[in-house]
Amino acid sequence: MAKECSFDVVSEFDKQELLNAVDQVKREVGSRFDLKDSNSEIELEADKAIIITTNDEMKLRNIYDILQSKLVKRNLSTRILDPQGVENALGGRVKQTYNLKKGLTQELAKKIVADIKESKIKVQASIQGDQVRVSGKDKDDLQAVIKMLRGNEEKYDYPLQFTNYR
């Protein structure tokens, strides 16, 4: 009897790398000439959100660009950031919150399972909490599913990782 192979599709990020990226952004904001005296703050809120507060929207965009570059350098996808609207803060300042995407939503998991079934690859996909388990008899079929999902990553707008490959 053939052995069943499987892997999990998840959406996670390395918390320590995220913390390091935010710390690097804080240091760069404190030393950059155009941002040094802007009274800007960037804080990581319990692995749920990143909050940037500064004087104006132009500085906000600059800090966001720095944040994106630091995330990419640390192999974190910029898709983990879910920007919320720009709000007015105290003292005529502006504030923007970036919620962090972690775990697959039920709608996204259903969409991934539907795409896998639609591809006609001989595998089974099942939703298990905030991840999708894909199993099949042939490892080549599993590799084909991973390739197909990586190709569709733009459509999902979530960073996908593939874990527990056995």
Q24 and N20: side-chain donor and acceptor closer than 3.5 Å? no
When you compare the side chains of S6 and S135, does any donor N or O come within less than 3.5 Å of an acceptor on the partner? no
Single-linkage hydrophobic cluster V86~I63, side-chain heavy atoms < 4.5 angstrom: yes
Determine yes or no for a side-chain-to-main-chain donor-acceptor pair under 3.5 angstrom, with [X] supplying the side chain and [Y] the backbone.
{"X": "Q68", "Y": "T78", "value": "no"}
{"X": "Q161", "Y": "E12", "value": "yes"}
{"X": "R79", "Y": "K101", "value": "no"}

With a 4.0 Å cut-off, would you call [X] and [Y] a salt bridge?
{"X": "K122", "Y": "D141", "answer": "no"}
{"X": "E43", "Y": "K26", "answer": "no"}
{"X": "D34", "Y": "K59", "answer": "no"}

Calculate, to the nearest 0.5 Å, the distance between atoms [atom1] and [atom2] belonging to [X] and [Y] respectively.
{"X": "N62", "Y": "E57", "atom1": "CG", "atom2": "CD", "value": "12.0 Å"}
{"X": "E41", "Y": "I51", "atom1": "CD", "atom2": "CD1", "value": "10.0 Å"}
{"X": "I52", "Y": "Y98", "atom1": "CD1", "atom2": "OH", "value": "4.5 Å"}

Does any non-hydrogen side-chain atom of [Y] lie less than 4.5 Å from one of [X]?
{"X": "R133", "Y": "F7", "answer": "no"}
{"X": "K102", "Y": "S11", "answer": "no"}
{"X": "I50", "Y": "T97", "answer": "no"}
{"X": "D82", "Y": "L100", "answer": "no"}

